[in-house]
**Q** 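Quick one: this structure, given as structure tokens, is what I'll be asking you about.
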Number of protein chains: 2
Amino acid sequence: MSNLSARSEDYLKAIFKLQEEKKVVRVKDLAQCLGVRSPTVVGVISGLKESGLVDQEHYGYISLTPEGDTLARSLIQNEDLLRSFFEEVLSLDTEEAGLNACNIEHYITPTCRERLVSFIKFLEICGRGSPKWLDHFRHFVLTGEPPPCDRCGEILPGDGKRCEKD
Amino acid sequence: MSNLSARSEDYLKAIFKLQEEKKVVRVKDLAQCLGVRSPTVVGVISGLKESGLVDQEHYGYISLTPEGDTLARSLIQNEDLLRSFFEEVLSLDTEEAGLNACNIEHYITPTCRERLVSFIKFLEICGRGSPKWLDHFRHFVLTGEPPPCDRCGEILPGDGKRCEKD
DNA sequence: TAACAAAAATAGGCGAGGCTAACAATGTCT
DNA sequence: AGACATTGTTAGCCTCGCCTATTTTTGTTA
């Protein structure tokens, strides 16, 4: 695939994001964004320049090449996907969802990513973003109370009726 | 927390697993298990010895200290949890589920892990391992066909009945 | 017991990604 | 235009996790 280290991918994504919000990306911004010192940025960027993913003139601004841009977009798309899984399914708050997404994005296999895509698509189809069972899960996470029926979406034993919330 | 690098955690887990299956762990076994050469193992192990997680006499077998054992167990428990999520929820095959679990285990936050635990517990409570919606999801993954009802577990619009499979 | 095979350890090197300190270029402001 | 602050670069060092080549120890076997 991209053959980049996890860390280089982080740099690429950060450049893309900074470009969106500030129009222009400087070493200093990148350093702050990634929690690192300037010389570290210079070092990593120089590798990305050699890989043809980043452009920068001496003492100038940093930008993505078309290839770098394409790659960054796809990395961010994957990250966003993961974040929405963590946020919407597991009910993590946005910040923590983003943190997990960013950390994990480098390490999941393509099939795993596809399955998560499927999972989210499934949610959208099945209840426009929030099927009953997911509401039940959220309730379970918050309160520890078991879901209101024995088998989500199935006839309750005993009275032969479905539970009300279902 | 444990303050170990991801790679050191891998070594610790590998020692634990080899100890279970072979009773005795040698540098050579560990090297093979981790896809690495002996001197690399010697180097990493020497760090783990200094951290008090591993015991080894000169030219002798490798074993976990009580602290190392405790840590390894908890790491493996987390990994197993992730694997079962990937396998049971996302329907990845065992090998790929294990690969993803092993890679990701180092990077998720505690809360995220807890949520996954909750998710799996929820599944167990809600349908003894496989609620209807999960069957629907698996079907969706395999065939691309949308779930049989508009809103899993809810009355279908139109005829006022639930779909048959639900 | 001496010789040899197998395994572990050491020596020394490499690249990635960090750091600090020092230096060079740029931009701004009077 | 000159002075100074800001920012980028270079130099040089560190740790980690990997490697190959070599040496040391251990274990086996004639």
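In what follows, chains are A, B, ... by sequence order, proteins preceding strands, each numbered from 1. Everything numeric in this text was worked out from a predicted model, so none of it was measured.
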**Q** Does A/R7 place a side-chain N or O at less than 4.0 Å from the phosphate oxygens OP1/OP2 of C/dA16?
**A**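 The answer is no; no side-chain N or O of A/R7 sits under 4.0 Å from OP1 or OP2.
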**Q** So that I can tick it off, tell me whether A/R115 and B/E96 are bridged by a salt bridge, with the cut-off set at under 4.0 angstrom between side-chain N and carboxylate O.
**A**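 Between A/R115 and B/E96 there is no salt bridge, as every charged N stays at least 4.0 Å from the carboxylate O atoms.
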**Q** Between P on D/dC16 and CD1 on B/I45, what's the gap in Å once rounded to a whole number?
**A**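 Taking atom P of D/dC16 as the reference, CD1 of B/I45 is at 15 Å.
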**Q** Mind listing the side-chain donor-acceptor pairs of residues 49-56 of chain A below 3.5 Å, one per line with the distance, residues two or more places apart or on another chain?
**A**
| from | atom 1 | to | atom 2 | distance (Å) |
| --- | --- | --- | --- | --- |
| A/K49 | NZ | A/Q56 | OE1 | 2.9 |
| A/S51 | OG | A/G47 | O | 3.1 |
| A/Q56 | NE2 | A/G60 | O | 3.3 |

**Q** Take atom CG of A/L34 and atom C1' of C/dG18, then tell me their distance rounded to the nearest Å.
**A**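 Result: 13 Å.
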**Q** Could you check whether B/V36 gets within reach of a base, just the sugar-phosphate, or nothing at all, counting any heavy atom under 4.0 Å?
**A**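 Touches sugar-phosphate only.
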**Q** In terms of the angle between their ring planes, are A/F119 and A/F85 parallel, tilted or perpendicular, with boundaries placed at 30° and 60°?
**A** perpendicular
**Q** Mind listing the closest non-hydrogen atom pair of B/E79 and B/A101 along with its distance?
**A**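 In terms of heavy atoms, the two residues are closest at O-CB, 3.4 Å.
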**Q** Write down the distance between CG (A/N3) and P (C/dA16), rounded to a whole number of angstrom.
**A**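 So the CG-P distance, A/N3 to C/dA16, works out to 11 Å.
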**Q** Mind checking whether A/L4 and A/L48 have side chains closer than 4.5 Å, heavy atoms only?
**A**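 Of all side-chain heavy-atom pairs linking A/L48 with A/L4, at least one is under 4.5 Å.
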**Q** Five pairs per end, C1' atoms only: what is the angle between the end axes of the helix from C/dT1-D/dA30 to C/dT30-D/dA1, to 10 degrees?
**A**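 That helix has its two terminal axes inclined by roughly 10°.
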**Q** What is the distance, rounded to the nearest whole Å, between atom CD of A/E9 and atom P of C/dA16?
**A** 15 Å
**Q** Between the protein and nucleotides 4-11 of chain C, list the N/O to N/O atom pairs that are separated by less than 3.5 angstrom.
**A**
| from | atom 1 | to | atom 2 | distance (Å) |
| --- | --- | --- | --- | --- |
| C/dA7 | OP1 | B/K28 | NZ | 3.2 |
| C/dA8 | OP1 | B/V27 | N | 3.1 |
| C/dA8 | OP2 | B/K28 | N | 2.9 |
| C/dA9 | OP1 | B/Q56 | NE2 | 3.3 |
| C/dA9 | OP1 | B/Y59 | N | 3.2 |
| C/dA9 | OP2 | B/Q56 | NE2 | 3.4 |
| C/dA9 | O4' | B/Y59 | OH | 3.4 |

**Q** Round to the nearest Å and state the distance from A/Q32 atom CD to D/dT7 atom C1'.
**A**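 So the CD-C1' distance, A/Q32 to D/dT7, works out to 14 Å.
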**Q** Figure out the CG/C1' separation between A/L12 and C/dA16, and round it to whole Å.
**A** 16 Å
**Q** Search all heavy atoms of B/R138 against all heavy atoms of B/E88 and return the closest pair with its distance.
**A**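 Result for this residue pair: NH2-O, 2.7 Å.
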**Q** Between A/R37 and C/dT20, does any side-chain N or O lie under 4.0 Å from OP1 or OP2?
**A**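 Checking C/dT20 against A/R37, a side-chain N or O does come within under 4.0 Å of OP1 or OP2.
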**Q** Are B/L82 and A/L92 connected into the same hydrophobic cluster when the rule is that any two of I, L, V, M, F, W, Y join if their side-chain heavy atoms are below 4.5 Å apart?
**A**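 Result: yes, single cluster for both.
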**Q** Would you say A/S5 places a side-chain N or O within less than 4.0 Å of OP1 or OP2 belonging to C/dA16?
**A**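 Result: no.
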**Q** More than 12 foreign heavy atoms under 6.0 Å from CD of A/E95: is that the case here?
**A**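 No.
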**Q** Grab the CG-P distance between A/D10 and C/dA16 for me, whole Å please.
**A**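 So the CG-P distance, A/D10 to C/dA16, works out to 16 Å.
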**Q** Taking C-beta and beyond as the side chain, do A/I62 and A/I15 meet within less than 4.5 Å on heavy atoms?
**A**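 Yes; the side chains approach each other to less than 4.5 Å.
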